[in-house]
Amino acid sequence: MFTLKNALTLQKLNQNTAKNLILFLGDGMGIPTVTAARILKGQLSRQSGEETQLEMDNFPFVALSKTYNTNAQVADSAGTATAFLCGVKANEGTVGVSAAAVRSQCNTTQGNEVTSILRWAKEAGKSVGIVTTTRVNHATPSAAYAHCVDREWYSDGEMPAEAVQAGCKDIARQLFENIPNIDVIMGGGRKYMFPKNQSDVEYPGEKKHFGTRIDRRNLVEEWNNRMKNKNAHYVWNKKELLSLNPNSVDYLLGLFEPGDLPYDLERNNETDPSLTEMVEVAIKILKKNPSGFYLLVEGGRIDHGHHDGKAKQALHEAVEMDRAIGHAGLMTSIYDTMTVVTADHSHMFNFGGYTPRGNTIFGLAPMLSDVDQKPFTAILYGNGPGFKVVNGLRENISTLGYEENNYKAQSSVPLNMETHGGEDVAVFAKGPMAHLLHGVHEQNYIPHVMAYAACIGQNRDHCMSSSGASSLSAALPSLTALLKLIHLLC
């Protein structure tokens with residue numbers, strides 16, 4: 001009855017204007033990952049797991065998103081990011097450009113740029129932020145600010161010489177040049193900001209972490225110089241981040257690793273902030289703006305765990321993102337903040353095998369295969385690095401540490417990297433206008449709904465009419481009083 005009563009309350013729709021917008025993007029967080037993460041969350045609290053509620057499970061509105069790219073049935077993270085941030089479907093491997101742009105062809109960039117909801121929010125006077133567990137110039141965050149025909153052009157050191165000569169810009173450079181003064185930027189990717197062969201502040205002796213920029217620019221130093229006298233801070237470790245007083249910070253650049261941040265299971269609690277900690281600081285800074293904010297949060301390493309066949313890493317990343325979602329909910333209100341949780345695509349990940357209630361999510365199915373008489377884990381991949389044959393037969397996993405952090409679950413097809421999945425992904429929504437996310441939608445519908453809810457971007461006719469109506473209703477009592485006074489004087 002409690003669930004039914006809650007459902008009945010949704011008959012009264014929240015049609016407020018969204019002051020704040022938050023998009024949580026679980027990279028590679030398909031529906032099987034959501035379900036498995038729910039069970040893991042419960043089991044981490046010594047429960048059976050199946051009955052546990054993820055934070056996103058409590059969102060009142062749920063939809064499905066069709067993830068294909070314009071040229072790909074099974075999508076990549078760049079084309080999908082362009083869809084859910086810029087509102088247009090795009091080719092795989094490209095960010096912030098329309099489908100007229102061709103991957104890696106520099107001369108197809110100009111004239112095909114598309115803008116993102118982060119830019120729309122900034123132009124409307126809102127504060128804007130990006131928080132990710134990957135590099136800040138990785139596929140998902142880069143679509144918020146860059147226009148690039150190749151997602152792997154992280155710095156000019158990764159670009160073909162002819163593309164640089166033709167005037168195309170690397171993604172790290174665009175982070176600082178395209179949208180002036182992004183208020184909060186946090187994640188990894190430090191090495192792409194510094195001159196080639198410059199040693200890293202945290203790993204000074206490791207060449208793989210040295211700077212990559214051929215143009216010899218120091219983008220962090222340039223940012224610091226440009227942001228002088230603007231209450232701006234650059235930090236590169238957790239201690240520096242948490243020592244800040246958000247009330248006295250207006251701009252924050254946090255680059256915590258040369259590349260991606262470590263998996264949450266391997267994170268150094270002394271030096272690397274968690275996703276939840278980054279989100280908390282970001283919201284504290286952004287919410288000071290009376291006009292509100294837009295925040296993109298990416299749990300980006302869910303995807304990496306799956307590509308590696310390391311389901312335990314991927315699922316712990318998903319649980320940490322859910323914790324961040326809950327924390328953001330405590331810091332905001334459903335009355336003026338629209339929050340959307342979704343994924344860019346799925347993976348070839350699943351679990352099954354008639355496991356009993358409470359079976360550890362990383363454990364074995366309760367029976368042996370009736371073909372090769374060997375045990376198998378509930379979690380399996382359709383393809384990936386976990387394929388292994390011993391003496392012409394499937395490997396016997398009974399003596400392996402299949403519950404270890406970096407165990408690679410068995411797969412049916414051998415690949416060095418597991419692939420994305422092509423099925424629809426879930427979209428969870430709460431707050432103003434969240435009811436507009438329902439049914440099955442194209443992925444590029446998402447930013448248009450969020451912009452509509454906040455009255456930003458191009459589709460604002462409803463805002464003018466509603467504000468006009470509210471102004472009129474507010475004026476009616478005064479108008480009535482004035483008419484009465486005129487009648488008495490006459």
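Both backbone and side-chain heavy atoms feed into the values below; hydrogens, waters and symmetry mates do not.
- Looking only at atom types and distance, the side chain of Glu298 has no donor-acceptor partner in the side chain of Thr133 under 3.5 Å away.
- Using modelled atom types, one finds a donor on one side chain and an acceptor on the other under 3.5 Å when comparing Asp150 with Ser104.
- Within a 6.0 Å sphere centred on CD of Glu206, other residues, nucleotides and ligands contribute more than 12 heavy atoms.
- Remark: Phe256 engages no residue in a ring pair (Phe, Tyr, Trp, His ring centres under 6.0 Å) (not counting sequence neighbours).
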Test Asp424 against Val440 for side-chain contact (heavy atoms from CB on, under 4.5 Å), laying out the working first.
CA-CA 9 Å; Asp424 297 348; Val440 181; 4.1 Å; yes
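- Taking the side chain to side chain contact (heavy atoms under 4.5 Å, CB included) definition, one finds that Ala343 meets it with Met29, Val425, sequence neighbours left out.
- Side-chain contact check for Leu252 versus Leu244: some heavy-atom pair is nearer than 4.5 Å.
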Test salt bridge (charged side-chain N to carboxylate O under 4.0 Å, His left out) applied to Asp57 and Arg38, step by step:
CA-CA 9 Å; Asp57 291 340; Arg38 178 188 303 130; 2.8 Å; yes
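- For Cys168, the disulfide bond (SG atoms under 2.5 Å apart) partners are Cys106, not counting sequence neighbours.
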For side-chain hydrogen bond (donor to acceptor under 3.5 Å, both in side chains), just list the numbers for Ser346 and Glu423, CA-CA rounded to whole Å, side-chain angles, deciding distance to a tenth of an Å, and then say yes or no.
CA-CA 7 Å; Ser346 186; Glu423 77 271 22; 2.6 Å; yes
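- Annotation: side chain of Asp76 is in contact with side chain of Asn69 (closest heavy-atom distance under 4.5 Å).
- When each of Asn91, Thr94, Thr82 is tested with Thr70 by the rule side-chain hydrogen bond (donor to acceptor under 3.5 Å, both in side chains), just one qualifies, namely Asn91.
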As a quick check of understanding, evaluate side-chain hydrogen bond (donor to acceptor under 3.5 Å, both in side chains) for Ser411 and Asn383, giving each step before the final call.
CA-CA 5 Å; Ser411 64; Asn383 58 44; over 6 Å; no
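- Judged by distance alone, the side chain of Gln443 and the main-chain N or O of Tyr68 form no donor-acceptor pair under 3.5 Å.
- Contact check for Leu85 versus Leu118: no side-chain heavy atoms found under the 4.5 Å cut-off.
- Of the N and O atoms on the side chains of Glu158 and Ser155, at least one donor lies less than 3.5 Å from an acceptor on the other residue.
- Using a 4.0 Å cut-off between charged side-chain N and carboxylate O, Glu442 and Lys66 make a salt bridge.
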Under the criterion side-chain contact (heavy atoms from CB on, under 4.5 Å), I'd like the reasoning laid out for Leu54 against Lys41: C-alpha separation, chi angles, the key distance, then a yes or no.
CA-CA 8 Å; Leu54 290 169; Lys41 178 182 178 181; 3.8 Å; yes
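- Defined by atom type and a distance below 3.5 Å, a donor-acceptor pair is missing between the side-chain atoms of Asp344 and His420.
- Residues Trp223 and Tyr234 form a side-chain contact, since some pair of their non-hydrogen atoms from C-beta on lies under 4.5 Å apart.
- For Thr276 and Ser274, the side-chain atoms include no donor-acceptor pair closer than 3.5 Å.
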Run Tyr452 and His462 through ring-ring contact (aromatic ring centres under 6.0 Å, His included) and show every step you take.
CA-CA 8 Å; Tyr452 183 92; His462 65 292; 3.5 Å; yes
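- For Ala139, the side chain to side chain contact (heavy atoms under 4.5 Å, CB included) criterion is met by Ser77, Ala78, Arg151, not counting sequence neighbours.
- Under 3.5 Å, the side chains of Asn16 and Asn14 contain a donor-acceptor pair of N or O atoms.
- Aromatic ring orientation, Phe349 versus His306: tilted (interplanar angle from 30° to 60°).
- Between the side chains of Thr342 and Ser65, no donor-acceptor pair is found at a separation under 3.5 Å.
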Walk me through it: do Lys239 and Glu270 pass the test salt bridge (charged side-chain N to carboxylate O under 4.0 Å, His left out)?
CA-CA 7 Å; Lys239 184 178 179 181; Glu270 299 298 316; over 6 Å; no
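- No salt bridge links Asp215 with Arg173; every basic N to acidic carboxylate O contact stays at or beyond 4.0 Å.
- Applying ring-ring contact (aromatic ring centres under 6.0 Å, His included) to Tyr192 and the options Trp153, Phe176, Phe210, Tyr154 leaves one that passes, Tyr154.
- In terms of heavy atoms, His435 sits closest to His438 at O-CD2, 3.4 Å.
- Screening Ile31, Leu437, Val427 for a side chain to side chain contact (heavy atoms under 4.5 Å, CB included) involving Leu64 leaves a single residue, Ile31.
- For Glu222, the salt bridge (Lys or Arg N to Asp or Glu O under 4.0 Å) partners are Arg217, not counting sequence neighbours.
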Between Lys207 and Asn197, does the side-chain contact (heavy atoms from CB on, under 4.5 Å) criterion hold? Intermediate values first, please.
CA-CA 7 Å; Lys207 287 189 175 181; Asn197 293 327; over 6 Å; no
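- Taking both residues in full, the closest heavy atoms of Pro60 and Ala429 are given as CD-O, 3.4 Å, listed atom of the first, atom of the second, then distance.
- In this structure, a donor-acceptor pair under 3.5 Å is absent between the side chains of Asn137 and Ser142.
- Summarising the local packing, CG of Asn245 is surrounded by more than 12 heavy atoms from other residues, nucleotides or ligands at distances under 6.0 Å.
- Nearest heavy atom pair, residue Phe428 against residue Ala426, reads CE1-CB, 3.7 Å.
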Please set out all donor-acceptor pairs under 3.5 angstrom arising from side-chain atoms of residues 257-266, sequence neighbours excluded.
| from | atom 1 | to | atom 2 | distance (Å) |
| --- | --- | --- | --- | --- |
| Glu257 | OE1 | Tyr203 | OH | 2.9 |
| Glu257 | OE2 | Tyr203 | OH | 3.1 |
| Asp260 | OD1 | Arg135 | N | 2.9 |
| Asp260 | OD1 | Arg135 | NE | 2.8 |
| Asp260 | OD2 | Arg135 | NH2 | 3.2 |
| Tyr263 | OH | His304 | O | 3.2 |
| Tyr263 | OH | Gly305 | N | 3.2 |
| Tyr263 | OH | Asp308 | OD2 | 2.9 |
| Asp264 | OD1 | Arg267 | NE | 3.0 |
| Glu266 | OE2 | Gln313 | NE2 | 2.9 |
| Glu266 | OE2 | Asn406 | ND2 | 3.3 |

side-chain contact (heavy atoms from CB on, under 4.5 Å) between Lys196 and Arg216, worked out:
CA-CA 6 Å; Lys196 189 172 178 65; Arg216 307 300 299 166; 3.9 Å; yes
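- By the 4.5 Å heavy-atom criterion applied to side chains, Asn20 and Asp336 are counted as neighbours.
- Under the 4.5 Å side-chain criterion, counting only non-hydrogen atoms from C-beta, His233 is not in contact with Leu253.
- Between Thr108 and Ala100, the shortest heavy-atom contact is CB-O, 4.3 Å.
- Side-chain contact between Lys169 and His147 is absent, with no heavy-atom pair separated by less than 4.5 Å.
- Contact annotation: the side chain of Tyr294 never approaches that of Trp120 to less than 4.5 Å [non-hydrogen atoms, C-beta and beyond].
- More than 12 heavy-atom neighbours from other residues, nucleotides or ligands sit within 6.0 angstrom of NZ on Lys288.
- Side chain of Glu113 to backbone of Gly111: a donor-acceptor contact under 3.5 angstrom is found.
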